[in-house]
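All values below come from the heavy atoms of this structure, side chains included, with hydrogens, waters and symmetry mates left out.
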Amino acid sequence: FFSLTTDNIDTNLYHQPTNNRLIQKQHILQLLRTFLRSARQNADDTMSTVNGFSSENGLNIDNPMPHRLPEGENATPLEVIGKTSSSSDKLVIIMVGLPATGKTHIAKRICRFLSFFHDINSQIFNVGDYRRKLCGAQQPAEFYDPQNPSGLAARTMACDAALADLQDYMRQPGARVAAFDATNSTKARRRHCVQTLRQNLSGLNAKVMFVESICDEEELLEENIRTVKLSTPDYRGMNPEDAVADFKRRIENYRSVYEPVESDEGPSIKIINSRQFVVTSIRGYLPLKVVHFCMNLHTLPRTFYMTRHGQSEYNLLGKIGGDSGLTPNGIEYAKRLADFATEFISFETAVNDDDNGGEPKPKPRPARLWTSTLRRTKETAQFIPHNKMTWNNQSNNDKSHNGDGKDDKNEEEEGVMMMDVEEWVQFRPMARRNLDELYAGTCDGFTYKEIEQYYPDEFARRQQDKLTYRYPRGESYMDVTLRLEPLALDMERTREPVLIIGHQGILRILYAYFMGLDRKEAPYVSIPLNNVIELTPHAYGCHERRYCLMLKEEMLKDGQDEPVTSMPMGNHAGGLNREKGNVLEGNNNVENAPSDDRSDKLHEHRRTGSRPSLVLDNEAVIGEQGNGEGAAAQYDSNDPVMNAPSH
């Protein structure tokens, strides 16, 4: 190698102008890479496998019948990743609780989690959907009066129809989870459900458990009614105040006969205000997995902000992986992201303040910051300030209580409620290994053209199945999905807004999980550079907004040239109508610092409580089988600058 390089290095290297020295250094690096590839190829030649293992030193291991994966070399079998339960495991979850206590939200999150991360077929059977098909959507509160015989008969018919479909679903082969979503408010109704399932599914050995949701906080119930229930078909087009009044009468009808789940009814978990849990007689892998997930889940509103790191040096060179720093474009994006985090993520949506003459006045809120352990994400977060703030940890329905602070210590002295006041470090940085980019192994630091040139077979395998393909000595998307399960639990648990600065491969998986996409679609989701994706999960799906902080015209070409099947494709996720816009003041010269009027505009947004203009506003509805009826957001699939794919 010394002879290979010294013949090509100018001995007067350091007496030349700076630009020439840089060219020489790049030349040396190119020679080094050529040498390493040659050595790697020689190692592969001496360790070739043909019906066994042989090498030049004469070692020969007889292996005429090698174990070969049907998915191909280095592939990850889709059906085994995450699935640690038996293929015969079957579980029926019977939801219990008054209306507006979060039953549907809990059922959908359970099914989504098991389906996406554990490859377990999961489906929700919502009795309300059957009732709407049988009786029509808009029924008055009197329809739910337990003393109304016609209403009771209609609701029993809907219950039996849902149970019949659930049984047909559970008879299908393979591990399956079904959530029976209804109030199931009396012991008699629950006993009817259990007996029906035991009689008709006796040969399947299916387990049955109850998940009871209790919410007695009036403020939270009011919020659930207005934000969730009023958008259902039952109240569509009605006056909001009339709808709220009618729904409250419906709740009272159910409350008049409500009977909590008792320990003698069977395995159960009781969830009280998303903070207290009572677990009874739970055994088995799937029931325990459900209990663990429920104890990390809450029904309170929350928002996630996801963004890729700013443009990196490897982005500019067209390389994948690595641990490079940011380019000047990347530094500029980091500054704009800091402005966005400070002026928007740190504040609630505008609220009316009587002391402010009715003018909108944003309300400060605590927020979190997560990055990977790689240099480019940490540098993207470097300008975000970490100011200290004090706040009442009992305010806002205890949204911030997630196990990180002190226990609640309310004391009532002389008729005055004394609340805990907690000190919070805003955007305290937390670097997480499971947010690191998909590891390309042997191909780390290569361009896609170089992979195609030096490893054509690997390149072809990746093109055929991007989800299960594993880089030599590296990772696959399925491997990354497995290591993201604990992070997903943390996201379900966390109550403050979280800003996640990550990588394209990682954010694709998290996006697919919350937007209800099949994980086979995850590798093709568009996660462009210089955009912030805002996700707001709710009971029936997830709302998405995208903010562009730096326009394509402000960037230099980054050199990325990902293969066509690696780019977001229309047949993987349909395009959506979107309005082009820029969050911050656009068309600034990349080399220049942000202009003063951009800062003025941010303060104007903060004063009025408005949001920046959007690139995309999208609603994904998670269907009964956990699949998203909404489509993934798309950008031009041939745009190498904004998509800047790394895997």
Side-chain angles (χ1 to χ4, degrees), residues 18-19 22 25-26 305-344 369 371-372 374-385 435 437 445 447-448 499-508 526-533 546-562 567-568 580-599 601-602 612-613 615 635-647:
T18 300
N19 289 341
L22 291 175
K25 289 179 181 179
Q26 292 175 356
Y305 298 86
M306 304 192 305
T307 182
R308 289 176 65 181
H309 54 80
Q311 184 190 58
S312 70
E313 295 168 350
Y314 268 28
N315 287 149
L316 196 60
L317 296 173
K319 297 175 179 292
I320 64 173
D323 193 16
S324 61
L326 298 183
T327 65
N329 285 333
I331 294 295
E332 170 65 11
Y333 176 72
K335 293 177 179 178
R336 299 188 183 192
L337 180 63
D339 287 341
F340 182 84
T342 303
E343 301 294 340
F344 293 103
L369 170 63
T371 71
S372 75
L374 299 178
R375 178 182 169 190
R376 52 193 181 272
T377 62
K378 292 181 178 180
E379 290 186 0
T380 304
Q382 65 182 306
F383 300 109
I384 299 176
L435 278 175
E437 180 61 297
T447 66
Y448 287 110
L499 172 59
I500 301 175
I501 303 176
H503 308 268
Q504 180 167 241
I506 302 300
L507 299 184
R508 279 172 167 170
S526 173
I527 308 288
L529 286 174
N530 306 334
N531 283 254
V532 177
I533 301 175
R546 295 198 177 201
Y547 305 96
C548 179
L549 305 192
M550 182 183 250
L551 292 176
K552 171 185 174 182
E553 291 76 15
E554 299 179 71
M555 296 182 61
L556 302 173
K557 186 174 181 180
D558 64 5
Q560 286 287 354
D561 189 18
E562 191 174 8
M567 301 293 287
K580 294 290 184 181
N582 187 25
V583 175
L584 306 176
E585 191 72 13
N587 300 320
N588 292 326
N589 194 321
V590 174
E591 289 78 14
N592 293 338
S595 60
D596 292 336
D597 58 336
R598 182 166 65 87
S599 179
K601 188 172 184 179
L602 280 169
S613 56
V615 174
Y635 288 75
D636 185 357
S637 62
N638 297 316
D639 187 344
V641 175
M642 297 304 286
N643 281 293
S646 57
H647 286 289

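In terms of heavy-atom proximity, G310 sits nearest to L326 at O-CD2, 3.3 Å. Taking each heavy atom of Y333 and M550 in turn, the nearest pair found is N-CE, 4.1 Å. Scanning both residues, Y314 and G445, for their nearest heavy atoms gives CE2-CA, 3.9 Å. The two residues R376 and G322 have their closest heavy-atom pair at NH1-O, 2.7 Å.
The OG atom of S312 lies 10.0 Å from the CZ atom of R375; values are rounded to the nearest 0.5 Å. Atom CD1 of I501 and atom CG of L369 lie 5.0 Å apart (nearest 0.5 Å). To the nearest 0.5 Å, the span separating CG on N531 from CG on L549 amounts to 7.0 Å. Between the CD1 atom of I384 and the CG atom of L499 there is a distance of 5.0 Å, given to the nearest 0.5 Å.
Every side-chain contact (heavy atoms from CB on, under 4.5 Å) that T327 has, sequence neighbours left out, goes to Q311, E313, L316, N329. By the side-chain contact (heavy atoms from CB on, under 4.5 Å) test, S372 is found to be paired with L374, T377, L435, D436, H503, residues two or more places apart in sequence or in another chain being considered. Listed by chain and number, the residues in a side chain to side chain donor-acceptor pair (under 3.5 Å) with T380 amount to none (sequence neighbours excluded).
Side-chain contact between N315 and H309 is present, with heavy atoms from C-beta onward closer than 4.5 Å. Inter-residue side-chain proximity for I331 and Q382 is flagged as met; some heavy-atom pair is nearer than 4.5 Å. Counting heavy atoms from C-beta on, the side chains of P528 and R546 come closer than 4.5 Å. Using a 4.5 Å heavy-atom cutoff, the side chains of L507 and I533 are not in contact.
The aromatic rings of F340 and Y305 sit perpendicular to each other, their planes meeting at more than 60°, with 30° as the lower class boundary.
The backbone N or O of L337 sits nowhere less than 3.5 Å from a side-chain atom of D339 that would complete a donor-acceptor pair. Of the possible polar contacts, none joining the R508 side chain to the I527 backbone as a donor-acceptor pair under 3.5 Å is found.
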**side chain to side chain contact (heavy atoms under 4.5 Å, CB included) assessment of V532 paired with F344** = CA-CA 12 Å; V532 177; F344 293 103; over 6 Å; no
